[in-house]
Amino acid sequence: MEQDELRKNLWEQRQEGGDGPAGSETNPAVVFAGEELEEEDSLEIQTRMKNLMWTVSGDYRLDTKLDLQSFRESRYVSMYDAIKQGAFARFFDKDAFALYLVKKVYYGADEMPLMSLAQLCVDAAAYPKVLPERPGVREIRQKSFEYLLDHKFSRLCANLPGKIKLALMRGAVSGDWNCEKRIREPLEMIRALEQSSDTMELIRTVDRLYNRMIDPSFEKQHGDLEKILAVSLEELQEFNWKNFLEEEALENVLEQYVSRMEQQMTSFETLEDQKEEQEKRGTARRVVVLDEEAVKKVYSYVEKSFGRTYLTEREQKQLNYRLCRGAHRDCSLHYTEGILASPVMMNAQYVNARKQMQNNRRLFLNSQNLIKRNVEAMTQFLRRSLNRRTEPDVLPSYYGVIQPRKLWRVGRTDPGRLFCRSTKQNSTRFAVEILMDASGSQRERQGQVALQAYMISESLSNVGIPHQIMSFCTFWDYTVMQRFRDYEDPREKNKDVFRYITSSNNRDGLAIRAAGDSLLGRDEENRILIVLSDGRPNDVIVNRPGSRNPKPYCGEYGVQDTAWEVRSLRGNGIFVLGVFTGDEKDLAAEKIIFGKDFAYIRDIRNFSRVVSGYLQRLLEQDLEE
């Protein structure tokens with residue numbers, strides 16, 4: 001009865017709104033597609049979309065998060081996602097399927113390709129189940145795929161799951177299922193799910209596809225499907241899931257992540273698309289309002305998540321007073337040696353940090369030849385530049401050491417040519433700080449970033465240059481500065497960089513200001529700051545009671561503030577070098593921040609050559625002047 005009533009309402013809405021697309025008289029499900037919704041308020045759109053999902057699922061308790069801006073841009077895609085969500089919840093166990101995806105990520109699976117494969121399997125399984133009851137879904141699906149083929153083709157071509165998605169959509173639209181050989185088998189496996197009604201069959205198919213196409217070594221390293229499914233809820237709750245969420249959360253993080261998985265697995269939108277849309281639609285949502293009770297919890301949570309500070313309370317207050325000004329007022333700094341070195345308790349964050357440290361060290365052990373070549377090459381570059389600074393220059397002089405071979409010129413030439421004198425080159429000392437971006441956007445590159453910092457550190461140790469290694473991320477209004485190695489520590493401390501782990505957001509300008517403050521406190525004449533970042537400042541703004549809330553720290557505002565901090569340090573005599581560790585699309589921001597002094601490492605095998613060239617130029621710069 002409820003479904004019949006909804007159909008009646010939709011039919012009346014169509015009659016009021018004018019003619020719809022061809023065939024809509026006999027297909028009320030297409031009414032949404034023929035209406036002009038641009039001027040309707042968000043509540044009405046949301047209500048209609050939920051009604052569509054509830055009608056398909058038959059479950060009026062089912063909830064969904066709707067992206068209304070996306071709906072206005074491509075209503076067919078949004079409608080089809082709502083239909084799939086309802087159909088999948090009706091015919092399959094959506095909770096079991098989402099929980100499998102979470103457990104797979106828990107064991108180290110790459111979330112993006114895993115989700116892409118899951119979306120393909122959900123579509124193949126859910127669409128045939130709903131079609132006999134609602135034939136209008138065929139047109140909505142086709143128009144949805146046509147839109148995606150027109151607007152997302154370039155992005156989907158960039159990876160294998162995307163190419164499979166393109167082949168599936170093209171086949172559904174045109175009936176042409178011809179495709180390249182490596183796509184044919186996975187496409188057939190996915191299409192075979194059209195006959196399946198078993199959730200476990202979907203899970204097995206996704207698992208086989210991921211292990212064959214994305215990570216052939218996954219099963220050998222982590223175990224088979226039986227082991228994945230055996231992960232307990234307690235183990236999942238101990239894991240640090242906040243790295244996978246866009247917004248900060250203090251509680252119920254696992255539940256939020258599972259809920260996000262359930263939303264995404266019935267969509268065809270990639271995680272990258274979602275993140276880009278969030279950035280395009282402004283930054284007002286990045287402001288978080290805290291009450292007094294929440295404020296008290298934050299610092300306790302920071303210590304539990306990142307470790308105790310190594311500063312005294314007075315030192316901490318002095319640094320915050322001196323550094324947290326301007327765009328960073330109402331922010332705070334938290335200096336720590338990390339949760340593994342100074343834990344408050346053995347919690348989920350501690351377990352996750354140990355697991356990531358093991359992954360980083362495993363990459364280190366598997367990259368010994370690459371590390372050795374890069375460190376040796378960089379050491380030679382640095383040693384050659386330093387030797388050039390200490391080698392004496394021999395110049396003609398009116399006094400000094402007489403040159404016997406020129407004595408025959410006595411009385412015939414200027415006396416200044418009969419002697420030579422040695423003058424020392426500029427033998428000033430150097431100090432270096434390595435600052436690593438440890439925000440969640442670096443999660444996929446954690447091992448690579450740690451390796452890069454380690455290779456620089458080993459090379460500096462080989463030539464006796466004192467240096468410090470720090471990382472930074474921002475949780476709520478605390479920018480966490482984690483120290484792995486202090487300036488005078490022995491070289492054994494270099495390996496502590498493999499404790500590097502990413503989390504939360506990044507307030508680059510404040511972190512660079514803090515790193516520069518540390519360097520300015522050194523008595524070496526030449527100081528160098530090397531920043532390993534992805535060029536994407538992005539931070540939640542926390543509105544404490546009584547605070548003055550600055551602009552959200554992301555986009556152009558964050559980039560310009562970071563660039564200003566870099567220029568300010570250079571004006572104070574600190575050389576600043578950026579090492580780009582992000583995606584190529586963010587290169588423009590990196591150039592604005594660091595100007596000409598940044599290195600883009602496309603291939604880590606060329607790391608020593610690229611970075612050494614910049615360091616050599618800095619070391620020899622004052623000699624040339």
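Positions are given from 1, in the same order as the sequence printed here. Being a predicted model, the structure only gives us computed values, none of them experimental.
Taking the side chain to side chain contact (heavy atoms under 4.5 Å, CB included) definition, one finds that K317 meets it with E313, sequence neighbours left out. With sequence neighbours excluded, the residues satisfying side chain to side chain contact (heavy atoms under 4.5 Å, CB included) with E458 are V375, Y454, R491, N494. P343 is linked by a side chain to side chain contact (heavy atoms under 4.5 Å, CB included) to I339, M346, Y350, counting only residues two or more places apart in sequence or in another chain. Partners of H334 by ring-ring contact (aromatic ring centres under 6.0 Å, His included), not counting sequence neighbours, listed by chain and number: Y299. With sequence neighbours left out, the side chain to side chain contact (heavy atoms under 4.5 Å, CB included) criterion links Q368 to F364, I371. Among residues two or more places apart in sequence or in another chain, the side chain to side chain donor-acceptor pair (under 3.5 Å) test is passed with N572 by none.
Counting heavy atoms from C-beta on, the side chains of I530 and H467 never come closer than 4.5 Å. The side-chain heavy atoms of Y301 and F475, taken from C-beta on, include a pair separated by under 4.5 Å. Counting heavy atoms from C-beta on, the side chains of E565 and L510 never come closer than 4.5 Å. Side-chain contact check for S459 versus F381: every heavy-atom pair is 4.5 Å or farther apart. Inter-residue side-chain proximity for F594 and F580 is flagged as unmet; no heavy-atom pair is nearer than 4.5 Å. Side chains of K304 and Q349 form no contact here, defined as non-hydrogen atoms less than 4.5 Å apart. Using a 4.5 Å heavy-atom threshold, the side chains of F430 and E524 count as separate. For the pair N505 and Y553, the minimum side-chain heavy-atom distance is 4.5 Å or more.
Cation-pi geometry between R308 and F306 is not satisfied (NZ or CZ under 6.0 Å from the ring centre, within 45° of the ring normal). Cation-pi geometry between K355 and Y106 is met: the NZ or CZ atom falls under 6.0 Å from the ring centre, inside 45° of the normal.
The two atoms that bring N538 and C554 nearest to each other are OD1-CB, 3.1 Å, heavy atoms only. Closest of all the heavy-atom pairs between A515 and M481 is N-CE, 4.5 Å. Listed here is the closest heavy atom pair of E337 and S342: N-OG, 4.3 Å. In this structure, V344 and E303 approach most closely via the heavy-atom pair CG2-O, 3.4 Å. Nearest heavy-atom pair, R522 versus E488, reported as atom, atom and distance to 0.1 Å: NH2-OE2, 2.7 Å. In terms of heavy-atom proximity, Q482 sits nearest to F484 at NE2-CE2, 3.3 Å.
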* To do: Show your reasoning for whether side-chain hydrogen bond (donor to acceptor under 3.5 Å, both in side chains) applies to S504 and T474.
  => CA-CA 6 Å; S504 306; T474 301; over 6 Å; no

* After noting the C-alpha distance and the side-chain angles of Y335 and R483, does the key distance pass the side-chain contact (heavy atoms from CB on, under 4.5 Å) rule? -> CA-CA 7 Å; Y335 288 83; R483 185 176 67 188; over 6 Å; no

* Test side-chain contact (heavy atoms from CB on, under 4.5 Å) on L460 and M378 and set out the steps. => CA-CA 9 Å; L460 294 172; M378 204 178 311; over 6 Å; no

* Candidate pair T479 and H328, rule side-chain contact (heavy atoms from CB on, under 4.5 Å), full reasoning -> CA-CA 10 Å; T479 292; H328 312 292; over 6 Å; no

* For the pair L532 and D437, evaluate side-chain contact (heavy atoms from CB on, under 4.5 Å) and give the outcome as yes or no after the intermediate values. => CA-CA 6 Å; L532 281 66; D437 177 357; over 6 Å; no

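A donor-acceptor pair shorter than 3.5 Å cannot be found between the side chains of Y500 and Q356. Side chains of R445 and Q442: a donor-acceptor N/O pair is present below 3.5 angstrom, by distance only. When only modelled atom types and interatomic distance are considered, T562 and D508 share no side-chain donor-acceptor pair under 3.5 Å.
No more than 12 heavy atoms of other residues, nucleotides or ligands shown are found within 6.0 angstrom of NZ on K495.
Of the possible donor and acceptor atoms, one in the side chain of R383 sits under 3.5 Å from a partner among the backbone N and O of N462. A side-chain donor-acceptor contact under 3.5 Å links S367 to the backbone of L363. Between the R513 side chain and the S568 main chain, no donor and acceptor come within less than 3.5 Å of each other. Using modelled atom types, one side-chain atom of N506 and one backbone atom of R536 make a donor-acceptor pair closer than 3.5 Å. R329 contributes a side-chain N or O that, together with a main-chain N or O of G326, makes up a donor-acceptor pair within less than 3.5 Å. Although no hydrogens or angles enter the test, the distance criterion places a donor-acceptor pair under 3.5 Å between the side chain of R570 and the main chain of V576.
Residue D110 holds its CG atom at 9.5 Å from OG of S116, rounded to the nearest 0.5 Å. F498 CZ to L451 CG: the interatomic distance, rounded to the nearest 0.5 Å, is 5.5 Å. Between atom CD1 of residue I512 and atom CD of residue E433 there is a gap of 11.0 Å, rounded to the nearest 0.5 Å. Of the inter-residue distances, the one linking Q446 atom CD with N359 atom CG reads 8.0 Å to the nearest 0.5 angstrom. The line from CD of Q468 to CG of L529 is 10.5 Å long, rounded to the nearest 0.5 Å. Between the CG atom in L519 and the CG atom in N526 there is a gap of 11.5 Å [rounded to 0.5 Å].
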